[in-house]
Amino acid sequence: MSELNSTFVRLHARLAPVAFVPEVRLHQADEPIGLWELTEGEFRSDQPPPFWAFAWAGGQALARYVTDHPELVADRRVLDLASGSGLVAVAAARVGATSVRAVEVDELAVAAVALNAEANGVRVDAELGDILDGDAGGAQVVLAGDVFYSEAMARRMLRFLLRAARAGARVLVGDPGRAFLPRDRFDELATYDVPVPPALESATVKRTTVWELRPGLPKADG
C-alpha cells in the first residue's frame with residue numbers, strides 16, 4: 001500500500017459509520033462531485049472514478065445481509081470482487097470469515113480497503129488487479145456489490161461469477177436495480193431500503209436486493 005495513496009484517502013475521505021451498516025466505519029467523502037472531478041480531472045484522466053469513497057447501495061445491502069447472517073461466511077474463505085471501499089470485505093471479516101480477499105483495479109481503492117480494514121480492527125487482504133478472466137482462487141463465498149452498472153462489465157462479471165458458482169462457491173450480489181443485472185440467473189434473498197447520497201443516485205433511498213446466483217441455466221419465462 002503506497003503511503004501517497006493512503007494519504008490521499010485520509011485527506012479526501014472522513015472516517016464515519018456507514019448509514020445502513022453502522023457496525024462498520026469507512027473513509028467516506030463528504031462531497032461526492034468535487035472528489036469525482038479531482039480524480040478524473042485533466043491530470044488524472046487515466047484514474048478510475050472514486051468508487052472507493054462512497055458506500056454504494058449494493059454494497060450496503062450486501063454488508064447488512066452478511067452482518068445479519070454470519071453463518072454465510074463464518075469459517076469460510078471469502079472473495080469480495082470489485083471491492084470499492086472494502087465495506088463488504090470488512091463486514092465478512094467482522095463476522096468470522098477465515099480469510100477475506102478484496103480485489104480492485106484502482107490503487108486508491110486498494111489503499112482505502114486496507115485503511116478501512118485497519119479502522120475496523122480486522123484483516124482483509126487487499127489486492128490490485130483484474131481477475132475477471134480467471135477464477136475465484138479457491139474462495140468458498142464470492143460477494144459483489146453493485147457490479148452490474150454497465151453492459152460490458154456485466155458480461156465479464158457474470159462469466160466470472162458463473163465459473164465460481166460452478167466450482168462450488170456460494171455467490172451473492174447486492175444490486176439496487178441496475179439495468180444490466182441478469183435477474184433470470186439469480187434467486188432473491190432479501191430486499192432493503194438503503195440510504196444513499198442524493199448527489200450520486202438522485203434519490204435519498206434505493207430499494208436494493210441481495211441475490212444468490214444459480215449455477216444452472218436461466219429461469220424459463222412463465
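Computed from heavy atoms alone, side chains included, the values below leave out hydrogens, waters and symmetry copies.
Within 6.0 Å of atom CZ in Arg25, 12 or fewer heavy atoms from other residues, nucleotides or ligands are found, so the atom counts as exposed in its surroundings. Within a 6.0 Å radius of CZ in Arg123, other residues, nucleotides and ligands contribute 12 heavy atoms or fewer.
Both Val113 and Val66 are part of a single hydrophobic cluster, where members link through side-chain heavy atoms under 4.5 Å apart. Criterion: ILVMFWY side-chain heavy atoms under 4.5 Å apart, direct or through other members. Under it, Val124 and Leu115 are not part of a common hydrophobic cluster.
The pair Arg178-Glu151 does not count as a salt bridge, with every side-chain nitrogen at least 4.0 angstrom from each carboxylate oxygen. A salt bridge links Arg156 to Asp133: one of the charged nitrogens lies within less than 4.0 Å of a carboxylate oxygen.
Distance check, rounded to the nearest 0.5 Å: CG of Leu189 to OG1 of Thr209 gives 9.5 Å.
Side-chain contact between Leu81 and Ile131 is present, with heavy atoms from C-beta onward closer than 4.5 Å.
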Check: Should Asn116 and Leu87 be marked as a side-chain contact (heavy atoms from CB on, under 4.5 Å) after you check the CA-CA gap, both sets of side-chain angles, and the distance that decides it?
Finding: CA-CA 8 Å; Asn116 290 332; Leu87 168 57; over 6 Å; no

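In this structure, the side chain of Arg170 does not engage the main chain of Glu212 through any donor-acceptor pair within 3.5 Å. Looking only at distances, no side-chain donor or acceptor of Glu104 sits under 3.5 Å from a matching main-chain atom of Ala109.
Tyr149 and Phe51 have tilted rings, their planes meeting at an angle from 30° to 60° on a 0 to 90° scale.
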